[in-house]
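In what follows, chains are A, B, ... by sequence order, proteins preceding strands, each numbered from 1. Only heavy atoms go into these numbers, but all of them, side chains included; no hydrogens, no water, no symmetry mates.
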There are 2 protein chains.
Amino acid sequence: MPSRSLSQLDRALRGLRSLVLSGEYVGGQRLSEVAMAAQLGLSRTPLRQAMDRLVAEGLLERIETGGCRVASFTKDDISDAIEMRGVIEGTAARLAAERGVDAALLAQAGAILDRIDQALAAPDGLDFDRYVTQNAAFHDLLAKFPNSPIVAREIQRMSLLPLASPSAFLSDQAMIPDFQESLRYAQRQHRAILEAVTAGEGARAEALTREHARLALINFNHLNKSRPMLTRNVPGLALVASD
Amino acid sequence: MPSRSLSQLDRALRGLRSLVLSGEYVGGQRLSEVAMAAQLGLSRTPLRQAMDRLVAEGLLERIETGGCRVASFTKDDISDAIEMRGVIEGTAARLAAERGVDAALLAQAGAILDRIDQALAAPDGLDFDRYVTQNAAFHDLLAKFPNSPIVAREIQRMSLLPLASPSAFLSDQAMIPDFQESLRYAQRQHRAILEAVTAGEGARAEALTREHARLALINFNHLNKSRPMLTRNVPGLALVASD
DNA sequence: TTTTGTAATATTGTATACAATTCTGGATTG
DNA sequence: CAATCCAGAATTGTATACAATATTACAAAA
């Protein structure tokens, strides 16, 4: 049976995370546990578990006197989060290059990049959904290259911060100028990363992967210029102070 | 009143973490919540909160069918954790160099390094306690250099993994050959890191900091050679499979 | 008018009770 | 003898009740 009945904790996590990212509760006000539990239709126990977890993820922050509030991020925070993801993914790429990667994984990565190429060569210029899916798959796979649970964990963790994940800015292409060109550039970087890893070129793999992450930074900056109208569309953007 | 009465959750966290690190519950067996709660003298509620947190830290791992067990680490895991700490601390150093650091912080760091020098020049050859304290202070301060909550958080998080913190191997000097010499080498690296940061030399600061972390790796390898007798003395070492 | 104290209220932190699973052991069957 | 199934026991997941703490509103005093 593939569809296990979701636990209350899972429901609380999904519901709470989505509510928080929507920006509805932004403003530093304390989240009321009873109200939230009622809204989500569960008891305080799993809700509090979910809150603890979101605090650990950084989406919520504790209030000294009790309870928690939605965290708020500066633009610099997002910038740092993206940089950190690049650093950690870059480390994965470097370690992979230095230690070698299972041939099956490399082949799998190559196949993913082929599919991205196909997405970029679609009849109407771009199969966007396919690009998004396969891009996420490539990054997931890269995290597994070094065969290190520690490294994989840290990558996954960084990707939880709002707007720091490799797919964070792929839902809002419309607002990003020359965005198809940007996707093609990103794909060339993908190829170069895989090539460097395969060739055992650690420094190159690391540098390329860092630079690749910085595409997200560019997109973030574009996004900020047409901010107000997007705040409600881009999940997590509402948590970024407009300063 | 400086001594606030500890919350039950705090007590649960301390007690559970110390029990887990002691290695008493190693072996993949599920931790019984009722037994553990009884042993710590509190109810299941704060204990379960503490367990959730230790799972997030990586000290415990969930069991699919419910509950959790003490995590077990390979030597490679420890090695990777140390490497990752080096990478992240290295990023802090690089960013600090690139962005500039508040003069007061730099002065404070210099003062700490002076005190480490004093500890190394003590009458009986070494004021060990002072070295440990000031070394930890230097690393804490370095984490604050880039003035980035995101970076600071990640450093703190990596330091929670067993044997990955900057002070992890400073309690067991006895077993490490030439350990005084090793401390002096580490202190030279401290100086060089601070110099690079001050001079805005990002690449140098990053490389030095990474290399500095690898001292921990050397110590870990030494430790592994005289393993059995130390397993009970070094907190966290019991979680590392002897393979 | 502002500040301070205080009681009432509301909210979180903790313990316990209940429900739903999972685990164990042994009997049964092939 | 091995594998399977089932009941009973034990354990976790969830809800609720209770206790401790923080917040609020209002009154009194400077």
Can you figure out which of dT23(D), dA15(C), dA15(D) approaches the side chain of Q8(B) most closely? dA15(C)
Please state how far atom CD in E64(A) lies from atom P in dT21(D), giving the value in whole angstrom units. 17 Å
Check the pair E83(B), R214(B) against salt bridge (Lys or Arg N to Asp or Glu O under 4.0 Å), reporting the backbone distance first and the verdict last. CA-CA 7 Å; E83(B) 178 79 15; R214(B) 292 196 183 105; 3.0 Å; yes
By nearest heavy atom, map P46(B) and T65(A) onto DNA chain C; which one lands nearer the 5' end? T65(A)
Whole angstrom value for the distance that separates P of dG13(D) from CE of M51(B): 9 Å
Expressed as a whole number of angstroms, how long is the span from Q49(B):CD to dA15(C):C1'? 12 Å
Heavy atoms only, 4.0 Å cut-off, all strands: where does R44(A) land among base, sugar-phosphate and nothing? base
Sole residue of D52(A), L13(A), L40(A) in side-chain contact (heavy atoms from CB on, under 4.5 Å) with L47(A): L40(A)
What about T45(B): does its side chain form a donor-acceptor pair under 3.5 Å with the base of dA15(C)? yes
Contact class for L47(A) (heavy atom, under 4.0 Å): base, sugar-phosphate, or nothing? nothing
Value rounded to 0.5 Å, distance of CZ in R99(B) from OG in S148(B): 6.0 Å
When we call it a touch if two heavy atoms are under 4.0 Å apart, what does I63(B) touch: a base, just sugar-phosphate, or nothing? nothing
How close or far is atom C1' of dA15(C) from atom CD of E33(B), stated in whole angstroms? 14 Å
Rounded to whole Å, please give me the gap between CG in L42(A) and C1' in dT16(D). 14 Å
Taking only residues two or more places apart in sequence, or in another chain, which ones meet Q8(B) in a side-chain hydrogen bond (donor to acceptor under 3.5 Å, both in side chains)? R11(B)
Could you state the CG-P distance from D52(A) to dT14(C), rounded to the nearest angstrom? 11 Å
If I take atom CZ in residue R69(B) and atom C1' in nucleotide dT12(D), what distance separates them, rounded to the nearest angstrom? 15 Å
Consider the side chain of L9(A), meaning its heavy atoms from C-beta on, and name the nucleotide among dT14(D), dT12(D), dA15(C) that approaches it most closely. dT14(D)
Is it the case that the side chains of D76(B) and S79(B) hold a donor-acceptor pair, with the cut-off being a distance below 3.5 Å and no angle test? no
Identify, between D10(A) and R30(A), the residue whose nearest nucleotide on DNA chain D lies closer to the 5' end. D10(A)
Distance in angstrom units between L60(B) CG and dT12(D) C1', rounded: 15 Å
